[in-house]
Amino acid sequence: MTMTLYDTMTRSKREFIPIDSPLVKIYCCGLTVYNYAHIGNLRTYVFEDLLRRTLLFNGYKVHHVQNVTDVGHMTTDADAGDDKMQLAAEREKKSPWEIALFYEQAAISDFKALNIQIPEDMPRATDHVVEMIELIQKLEKKGFTYVTSEGVYFDTSKYPEYGKLARLNLSEQRQGAREEVIADETKKNPSDFVLWFLNKPTHIMKWESPWGPGYPGWHIECSAMSMKYLGESFDIHCGGIDHIPVHHTNEIAQSECATGHTFTNYWLHGEFLLTKIESDHDGGFGKESKSKGEFNTLKSLKDKGFDPLAYRYLCMQAHYRSELKFSTDILEAATTGLRKVYSLKRENDPLAHDNEAFQAAKTRVLDAINDDLALPLAVGYLNSYGSLSLWKEFDPILGLDIAERSNKAKEAIPAEVQSLIDLRNQARKDKDWTASDSLRNQLIEIGYEVGDGPQGTTVKKRTI
Ligand SMILES: [Zn+2]
């Protein structure tokens, strides 16, 4: 079995070869826990979960680490600005620690609802300040840092490969930076970034350090925690594409300058989710963003009556490296599609009695998934085969609870439901439409789809 993955560093699909097979070490940039995760964040975590599950399906073992950013994440990609944790604490009149814990738990319940497997380690930044300080000291000893009144900086001019992931042109960037307001005038180069903030008297979360009391910059946590849990070089690093030019670029600079060798062998990045802008009559779509304040969460979808697994299914309908368009109509269509999968019947399974055909179909679907996670193609094949047993075979990757939900569709009708059906049939015979409608609503309320057939009321247990 060969698996290929698109590596952002080389801008090419490469055969996946782990450093220490069968173990695969993955680091994914995680949550900034100052608010609920928006569905664009969740799209990235679903993609990372599909990657993890595919590796497991292929027989690898996985050590998956995803950090929890509970300190120091700035309001913009630049290193200037207010701390989002602190702003949330002020908004909700809680301590930053309470905010972090609350939203971390909310995210974990989103993961569970979406069948996202919980990573082996979810280290919190605030528990790893010692490791971050040690890493900064290592960089300082090697001459990659300088200290100003604002903080300890990484000097990007000391690292000729700086910007290799994003293929940044630093002289162009310097040009561009002159036109912007650089909030911090103590920096030597526009691309230099903070490792440790100093002299921030109003900041609540603070720690002692060799440079004075302060708190870590945004990027250092991922270098410190990934290397602590996975070693100085590991297999795969994932995140959203917005991390390429700043966050991942800076992670590489810190890590490779500290250790002297390659940080990560494969860089995988998920594209954005674009949400339909209701006020735009031309049908425009825009990016979900927490910092703008208004965004879709899993809870808001559930409140509108959607099943989290319909959202998971929707995420498989665009390749992870393509934009995914989102609107309630699009999610409704995904729900209908998934309902069809759940209502497939074993009796009508075209592949159930032909092992050769089943194996050939299985190979075709798996080859698609192993080709840089081409889930839209794989799901297209699965839909065209219409085989419940084949869907079930791939559910360890898909995570759609196929066996459980399709059994639910076949559950016998309980006696109390049957008596509502009988009452409704009688009401319709009596042309008592008010009673008939109210009984219909009662059936819907307790989880049934209701129809009218030649023999009277028909019901089906709702699967989604
Ligand atoms: Zn990160």
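The first residue in the sequence is number 1, and the count goes up from there. Order of listing sets the numbers, starting from 1, for every ligand and every atom in it.
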Inset, instruction - For residues 376-386, pull every pair meeting side chain to side chain donor-acceptor pair (under 3.5 Å), keeping only residues two or more places apart or in separate chains. - result: Tyr313-Asn383, Arg364-Tyr385
Legend entry - Neighbouring protein N, O or S atoms of the Zn ion (ligand 1) [cut-off: under 2.8 Å, no waters]: Cys29 SG, Cys222 SG, His247 NE2, Glu251 OE2
Inset, instruction - First locate atom CD1 of Ile241, then atom CD of Glu271, and finally report the distance between them rounded to the nearest 0.5 Å. - result: 3.5 Å
Inset, instruction - Determine, using ring centers only, whether His203 and Tyr215 are less than 6.0 Å apart. - result: yes
Legend entry - Proximity of Phe193 and His219 rings by center, below 6.0 Å: yes
Legend entry - Aromatic ring proximity, centroids under 6.0 angstrom, Tyr34 and Tyr103: no
Legend entry - Aromatic ring proximity Tyr266/Phe16, centre distance under 6.0 Å: yes
